[in-house]
There are 2 protein chains.
Amino acid sequence: MKKWRVVIIGSGNVSFHLVRSITGAGHKIVQIYNRTLSKAQLEASALKTEATDDLENIIKDADIYIICVKDDAISLLADKIDLNDKLIVHTSGTTSMHLLKSASVNYGIFYPLQSFSKNLNIDFRRIPILIESNNAFLLQELTTFANSISDIVVPMSEEDRVHIHIAGVLVNNFTNHLFNMADQYLKDHKIDFSLLKPLISQTVEKLNYGTPAEMQTGPAMRNDLKTINAHLEMLRNQTSLHDIYDMLSKDILSQYKK
Amino acid sequence: MKKWRVVIIGSGNVSFHLVRSITGAGHKIVQIYNRTLSKAQLEASALKTEATDDLENIIKDADIYIICVKDDAISLLADKIDLNDKLIVHTSGTTSMHLLKSASVNYGIFYPLQSFSKNLNIDFRRIPILIESNNAFLLQELTTFANSISDIVVPMSEEDRVHIHIAGVLVNNFTNHLFNMADQYLKDHKIDFSLLKPLISQTVEKLNYGTPAEMQTGPAMRNDLKTINAHLEMLRNQTSLHDIYDMLSKDILSQYKK
């Protein structure tokens with residue numbers, strides 16, 4: 001297997017996990033850039049590699065350049081990098097690969113579909129990596145590189161990445177917000193949220209046994225208006241929780257109506 | 001440890017898992033009632049115990065009678081049972097223990113906080129059992145019995161059970177509905193829902209590392225109105241998904257506003 005020489009631009013949560021996974025796969029991180037030198041050095045010293053805070057100093061002969069910075073900063077950075085025809089990718093699921101066209105004639109996306117936290121271990125082999133490139137040959141190369149890190153590599157268009165991002169907001173951000181609402185509500189009544197954890201685990205576990213539609217349970221699914229109305233009455237002083245309960249129940253009711 | 005003699009009334013999903021857990025703990029199921037004899041027999045033969053479809057024939061000298069039927073059927077059943085002072089409990093989280101007062105002077109609740117499916121294995125030791133009784137001495141006895149099955153046994157009032165049921169609807173039924181909306185949306189765009197599974201697992205895994213509020217991420221949490229509006233524009237033809245996305249985003253925005 002080809003060992004890639006990799007430059008990492010940025011050192012946040014994505015970068016933190018990505019560099020470990022890349023080196024674990026036998027590739028070499030040859031340089032880490034961060035606009036704050038100490039941050040680049042912190043990461044680079046752990047990997048015994050080079051750090052820089054100067055885009056002019058970026059090594060020119062690496063095999064791939066991976067930008068791991070906030071969405072807003074991608075095009076600003078790309079405008080200051082000149083790599084001629086080297087492959088440069090960014091790791092954002094929500095922005096276009098064309099933001100990189102001023103940096104190189106060959107560019108693309110390398111988007112790990114996961115929500116990263118520094119203090120949470122990640123098994124990169126199980127994280128889907130969505131890839132794209134403006135160069136069909138390099139898309140093949142990028143597939144091989146991504147496969148050395150993850151078992152699930154999927155070429156995906158920008159439009160489809162937006163769709164999956166919307167779906168990700170539903171299953172990750174909104175789901176967590178439901179957990180938060182439940183947590184706040186139970187705190188008000190001095191009940192321990194962790195009592196719900198087995199139920200939460202089961203909700204996710206069930207996805208392995210059928211579609212979510214097949215796994216739906218609860219008062220709204222069984223058209224139990226008595227329970228729904230009792231709950232809404234109980235929530236009458238909590239405007240937003242009441243309205244969210246009402247809206248989601250109505251949506252489930254309409255879907256499962258006999 | 002005292003070995004209890006148990007009568008199970010009803011043979012649905014809760015009963016299915018409960019009898020296995022009770023016998024596994026060394027207690028004896030002495031009888032299973034179902035209004036359809038063949039169903040009672042199916043369960044009873046697996047446990048080498050007695051089956052009946054006649055409430056008049058219910059054994060009078062068991063230590064506990066556990067009703068595992070639909071909420072609506074509990075009081076109808078209780079009216080036809082006469083156990084004098086034997087402990088009778090039901091397994092519903094949403095109905096009162098007083099529904100049982102015509103069956104015995106000693107009654108209570110034995111509510112496993114989980115969503116049961118027959119074809120999904122359950123580790124009962126990790127499922128919280130919420131208990132209640134009108135007799136303080138028998139509440140102690142019930143605690144001991146429940147602890148022989150589960151590590152998490154919590155006495156809880158009827159009012160608090162309603163609160164935790166509402167929270168359960170949020171984290172289980174509504175969360176599953178979000179999964180379902182994501183699944184439908186991705187199907188429309190021919191994208192595989194299972195790509196989201198690692199993200200979903202991570203969302204739940206994170207609950208072990210902080211409160212849901214601390215773990216919140218996403219466009220609304222970081223006040224990224226540009227992404228929110230782009231998503232809403234993308235969803236403009238899907239009324240209910242659009243409105244749910246809008247409402248939940250606004251609720252997160254209002255909570256995390258700087």
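Per chain, numbering begins at 1; letters A, B, ... match sequence-line order. Since this is a predicted model, take the numbers as computed values, not measurements.
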Distance, nearest 0.5 Å, that separates CD1 of B:Ile164 from CD1 of A:Ile191: 5.5 Å
Side chain, backbone, both or neither of B:Glu214 within contact of chain A (heavy atoms, under 4.5 Å): neither
Part of residues 245-252 of chain B lying next to chain A, heavy-atom separation under 4.5 Å: B:Tyr245, B:Met247, B:Leu248, B:Ser249, B:Asp251, B:Ile252
Side chain to side chain, A:Met181 and B:Val171, heavy atoms closer than 4.5 Å: no
Per-residue contact mode, A:Met215 against chain B (heavy atom under 4.5 angstrom): both
With A:Ala78 via side chain to side chain contact (heavy atoms under 4.5 Å, CB included) - residues at least two apart: A:Leu100, A:Ser102, A:Ala103
Set of side chain to side chain contact (heavy atoms under 4.5 Å, CB included) partners for B:Asn208, sequence neighbours left out: A:Lys197, B:Glu205
Side-chain heavy atoms of A:Ile152 within contact of B:Leu195, under 4.5 Å: yes
Part of A:Asp123 lying under 4.5 Å from any heavy atom of chain B: neither
Exercise: do A:Asn176 and B:Thr217 side chains pair donor with acceptor under 3.5 Å: no
Which portion of A:Tyr185 sits near chain B, non-hydrogen atoms under 4.5 angstrom: side chain
A:Leu178 versus chain B, the contacting section by heavy-atom distance below 4.5 Å: both
Exceeds 12 heavy-atom contacts within 6.0 angstrom, atom CZ of B:Arg126: no
Segment of A:Asn172 engaging chain B (4.5 angstrom heavy-atom cut-off): both
Side chain / backbone / both / neither for A:Ile244 at chain B, heavy atoms under 4.5 Å: both
Min side-chain heavy-atom separation A:Met221-B:His177 under 4.5 Å: no
Student check: side-chain heavy atoms of A:Leu170 and B:Leu241 closer than 4.5 Å: yes
Which atoms of B:Asp224 approach chain A - backbone, side chain, both or neither, heavy atom under 4.5 Å: neither
Student check: side-chain heavy atoms of B:Val169 and A:Pro219 closer than 4.5 Å: yes
Rounded distance (nearest 0.5 Å) linking atom CZ of A:Phe174 with atom CD of B:Gln216: 9.0 Å
Per-residue contacts, residues 10-21 of chain A versus chain B, heavy atoms under 4.5 Å: none
Residue pair B:Leu113 / A:Pro198, side-chain heavy-atom distance below 4.5 Å: no
Part of A:Tyr209 within contact of chain B (heavy atom distance under 4.5 Å): side chain
Note, A:Asn180 side chain near B:Gln255 side chain (heavy atom, < 4.5 Å): yes
CA sep, side-chain torsions, deciding dist, call: A:Thr203, B:Phe179, side chain to side chain contact (heavy atoms under 4.5 Å, CB included): CA-CA 10 Å; A:Thr203 310; B:Phe179 296 164; 4.2 Å; yes
Among A:Val154, A:Val204, A:Ile200, A:Ile166, residue most engaged with chain B (heavy-atom pairs, under 4.5 Å): A:Ile166
Within-4.5 Å side-chain heavy-atom neighbours: B:Asp188 and A:His163: no
A:Gln184 versus chain B, the contacting section by heavy-atom distance below 4.5 Å: side chain
